Amino acid sequence: MEVELQSEDHVVSGAGRARSSSRARSRLLSVTVGTVVIVLGGCSTARPGVVTSVMEAQDQATAEFREVVALDPQTWSGATPPPVPNDCTANGHRGVQFTYFTEADKPSNPRSLVRAAARRWKDEGYRIEEVSIPVDAETGDISAVTARAAGKPSASMAGTTIRAHLYVDSVCVRGDPDSYR
């Protein structure tokens with residue numbers, strides 16, 4: 001399977017071989033879907049002149065994560081995962097950004113799941129990018145969406161009939177990521 005995605009900011013190419021076992025196929029699709037979401041997702045920083053604390057950034061991203069999970073609680077587990085702190089640059093200074101991630105096995109309707117997230121993000125003022133990549137009859141399409149807006153967490157979701165992923169990244173704010181590891 002050869003995959004090439006293009007958006008106005010990114011081009012992603014990758015190749016993978018279909019394997020006969022469903023476990024191997026599941027891993028390949030999980031890596032492919034995860035790569036699509038991560039590369040398209042990007043990051044966002046707080047707007048210049050707006051002071052956002054580390055706690056505010058975490059709270060904002062946690063709230064966004066929970067709102068998207070609530071769109072289809074049967075697909076996603078109810079628990080909010082602990083965030084992963086990442087290095088970033090906030091207005092020329094060392095910063096921290098928090099990533100919230102979850103995945104779900106065998107979503108009942110991955111395309112509908114992704115479209116619901118896209119509608120929500122668009123209604124909230126995000127700029128969205130959607131892609132759909134045909135894989136095969138068993139897997140269906142990889143449906144993915146990314147959402148970005150100034151001063152808000154960035155988010156992305158991707159899904160197939162095998163697995164769905166949701167990422168929410170807080171805005172990047174001044175801080176030491178090592179303090180949160």
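Just so it is clear, the structure is predicted and the values come from calculations on it, not from any experiment.
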For a quick test of reading the model, state the closest non-hydrogen atom pair linking P107 to L113 and the distance between them.
CB-CD2, 4.3 Å
Spatial distance of atom OG1 (T161) from atom CD1 (I142) [nearest 0.5 Å]
10.0 Å
Set of residues satisfying side-chain hydrogen bond (donor to acceptor under 3.5 Å, both in side chains) with respect to S77, sequence neighbours excluded
none
In sequence, state the C-alpha distance, the side-chain angles, and the governing distance for V96 and V173, and then conclude on side-chain contact (heavy atoms from CB on, under 4.5 Å).
CA-CA 6 Å; V96 61; V173 293; 4.1 Å; yes
Okay, side chain of T89, backbone of G92: is any donor-acceptor separation there less than 3.5 Å?
no
Tell me the closest heavy-atom pair linking I128 and A147, and the distance in Å.
CG2-CB, 4.2 Å
Would you mind reporting whether Q58 and S170 have side-chain heavy atoms less than 4.5 Å apart?
no
E129 side chain reached by R127 side chain, heavy atoms, under 4.5 Å
yes
Is there any ring-ring contact (aromatic ring centres under 6.0 Å, His included) pair reaching into residues 64-96, and which pairs are they, with sequence neighbours excluded?
none
Residues which pass side-chain contact (heavy atoms from CB on, under 4.5 Å) with D59, listed by chain and number, not counting sequence neighbours:
none
Determine whether a donor-acceptor pair (N or O, by modelled atom type, separation under 3.5 Å) exists between the side chain of S154 and the backbone of R148.
no
All pairs passing salt bridge (charged side-chain N to carboxylate O under 4.0 Å, His left out) where residues 69-81 contributes a residue, at least two apart
none
Run the side-chain hydrogen bond (donor to acceptor under 3.5 Å, both in side chains) test against T102 and tell me which residues pass, sequence neighbours left out.
none
Any side-chain heavy atom of V171 within less than 4.5 Å of one from Q60?
yes
Hey, could you give me the CG/OG1 distance between D169 and T146, rounded to the nearest 0.5 Å?
11.5 Å
Tell me, please, which residues at least two apart from R120 pass side-chain contact (heavy atoms from CB on, under 4.5 Å).
E64, E67, V68, L71, E124
Would M157 and Y167 count as a side-chain contact (heavy atoms from CB on, under 4.5 Å) here? Give the steps.
CA-CA 6 Å; M157 182 186 292; Y167 291 86; over 6 Å; no
Holding to side-chain hydrogen bond (donor to acceptor under 3.5 Å, both in side chains), I want the full list of residues that pass it with N86, two or more places apart in sequence or in another chain.
T99
With no hydrogens and no angle check, do the side chains of T80 and Y100 hold a donor and an acceptor under 3.5 Å apart?
no
List for me each residue that meets ring-ring contact (aromatic ring centres under 6.0 Å, His included) alongside F98, sequence neighbours excluded, and say none if there are none.
Y180
Closest heavy-atom pair and its distance - G159, P110
C-CB, 3.7 Å
Who passes side-chain hydrogen bond (donor to acceptor under 3.5 Å, both in side chains) against D178, sequence neighbours left out?
R94, R181
If the condition is side-chain contact (heavy atoms from CB on, under 4.5 Å), which residues does R111 pass it with, not counting sequence neighbours?
N109, R115, S132, D141, S143
Got a second to check how far I162's CD1 is from T139's OG1, nearest 0.5 Å?
4.0 Å
Would you name the heavy atoms of A158 and A144 that are closest together and state the gap between them?
CB-CB, 3.8 Å
